[in-house]
Amino acid sequence: MNVSRTNALDTILNRTDLDLDLPTAESQPISEFFGVNVFNETAMRDHLNEETYLGVKKAIQAGTKLDRDVAEQVAEAMQKWAMAKGVTHYTHWFQPLTGRTAEKHDSFFTLTPTGEVIEEFGADVLVQQEPDGSSFPGGGLRSTFEARGYTAWDPSSPAFIMEIGEGKTLCIPTIFVTYSGESLDYKLPLLRSQAYLEKAAIPVCQLFDKEITRVSATLGWEQEYFLIDETYFNARPDLMLSGRTVIGKAPAKGQELDDHYFGSIPERVYAFMRDLETECHKLAIPVRTRHNEVGPGQYELAPMFEAINVAVDHNQLLMDVMERVGRRHKLRVLLHEKPFAGVNGSGKHNNWSMSTNTGKNLLRPGRSPYKNLLFLTFLMNTIKAVANHNDLIRGVIASVSNDHRLGANEAPPAIISVFLGETLTRVLEELKKGKSETKSTKELLDLVSSIPDLEKDNTDRNRTSPFAFTGNKFEIRAVGSTANCAGPMTVMNSIMAQQLDIFYKEVQEKVGEGLSTETAILDILKQYIIDTENVRFEGDNYSDEWKAEAEKRGLNNFLDTPQALDVYAAQSTKDLFVGGGIFSEKELLAHHEVMLEAYILKLSIEAKVQSELAINYVLPAAVEYLTKVTNSINSAKSAGLTDLSGLVQTANQVANEINILKAKSAELVEKVDSIHDAHQLAKIVKPLMDELRAACDNLEGLVEDNSWPLPKYREMMFIK
Ligand code: ADP
Ligand code: MG
């Protein structure tokens, strides 16, 4: 039985506050419990002997395999540490292509051949496991007769304890591969892309500074989400099955007043946030920022940035923790990009940069001309990489849910362009004008030396840009709120690595021709400034003028996922990924396949649930109301009233919408069942869903409020 709307309202009005005992700054400052549930440096140092500890650290830093002996000792230490904290089970934790995380718990306890009960955990189970992976998406990589998938320990991301109620499980971050080692997850490509980036970035860095011997990408994500009361969630089959409301009339008051943004946080939500933050801190997820977002009922939280693979794990973990903490508060976290039509959607900005072993952020301008040349090199190579693979950035963020957001007028457009801000644009223009014939290298370097502190100069930040330079990092804003950041981050690392390789070769060539390194670099950067003009855009990305202008510039504007995903079949993508060692051709094909399959499956679910709601919820309410109106017409006639035009008009309107509803839902079901091609589905099914929705929403506007069966937008978004 579904929860009815009236029941839901009653339940919510009778809610009492949750009795929470959260640490405060006086009772227990964050520094005292940060990371207690993580097998981090401190835990390792406490539980491993000096030699093993150093061995582990070295292997992690060099990205090499751990010796069997060392792994055995780590396993033992991990078990001891975990059991002392009350852990009974362990699991390999991984990120299959479903987009979320997966785990299969095993107990430490086991029976020996003689029937003795012992607690056991060794290198064998730490390093590798074979979960029954046959039901995870594999895009044809696994035939059913060898459905096995393996999970393999990733020592670069620390193990952690997941607390669910009283239960505690040791989670070991792993990658998920097929029997023959092909990638079936998000993590392996990410790790490969990090290696590719590092290999390409080091020689470029060493043109400037020989001390730089390590480069790693950094990621700081910002997670947007909606919160609604659990009871409303349970009363909306569409939210339960597809994560968004597929019907629902816009409320009289939406976000027009902008009064929610950065407003004061409602008490119940505040309790949820504090609880969530405490859980995050125990897991060493360094969340720092919380605020209301633009949409009513919409919020955001953001951590400090971290090394890219740890940041990705932390975001995946966060999404799980959020949902669990939400339930404790009788709230449901909606991570969907567009749970409610007509109000802002949710994104997950990915702030991306690179840092070195010398502590330098490669996208932060420095104090000397030389340092600024290093900065400009990385800046221009990033933009050049985006210009080279514009469509791939669009492709990797494409999903059935993000389609509702991209290109809708309050979200980043589906056209990928780069925003730099006034100051940097001016610097680039100056550099471009300064031909080496007319200006000496010294003069150009002087020019470069005058880059002002950009972080302080962020007043002109363009919030409409999908890819913006924000002082010391690029912010990729088109990523959807449900996405695994590993997708876009793998693309960023890879396109940057490929571009840096090209750049380095170009420098070598010019130096070979007798130019000084600086002149060579400046020459190439000037060329890049010209080459990237078409992807640089400073204006309003939401405007129609930009759409027209972008078309002139040859930039694509793919409005749906299947179109956006075509880039995965392009030669340029194959060259990039296969050449960089990120994917084999087979893996690339499989990943493309999985993304298309996910689109088809999810769209079909949405269409079916919409048609169910139309027939089983909206139609009965409309019929009941129509009966009421026609009965009134009859009794009014009997009472001798003559002008019944208002009543008749209402009855006609309702009857008319019912006709549309019936016709469209039948057509929708028929199309969903018969079309199996993603491009066709997008073209035919989506417009049908819009038409069916319009009929349902019109009926919501006509039918009396008391008998409307589904929670309305104004209730879900505004009642706290
Ligand atoms: P916003 O105005 O978009 O909220 P913030 O200054 O709050 O910008 O930063 C947003 C995110 O950028 C944070 O998660 C922060 O950790 C991250 N960030 C800052 N510096 C870097 C960096 N060098 N690399 C990656 N992310 C970074
Ligand atoms: Mg941001």
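Whatever order the structure lists them in is the order used to number ligands and atoms, beginning at 1.
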Heavy atom of N361, distance to ligand 1 below 4.0 Å: yes
Shortest heavy-atom approach to atom 13 (C) of ligand 1 - which of A302, P303, P286: P303
Candidate with minimal heavy-atom separation from atom 9 (O) of ligand 1, of E300, K473, R477, Q223: K473
Between the side chains of [X] and [Y], does any donor sit under 3.5 Å from an acceptor?
X: S355; Y: N361; result: no
X: Q298; Y: N344; result: no
X: E475; Y: N350; result: no

State plainly whether the residues [X] and [Y] are in salt-bridge range, i.e. N to O under 4.0 Å.
X: K57; Y: E41; result: yes
X: E323; Y: R100; result: yes
X: R426; Y: E430; result: no
X: E211; Y: K360; result: no

Considering the heavy atoms of [X], write down every atom of ligand 1 situated less than 4.0 Å from one of them.
X: M304; value: 16 (O)
X: E475; value: 3 (O)
X: G220; value: 14 (O), 25 (C), 26 (N)

Backbone or side-chain N or O of [X] under 3.5 Å from ligand 1 N or O:
X: T218; value: yes
X: F305; value: yes
X: L219; value: no

Region of E222 that comes within reach of ligand 1 [heavy atoms, distance under 4.0 Å]: side chain
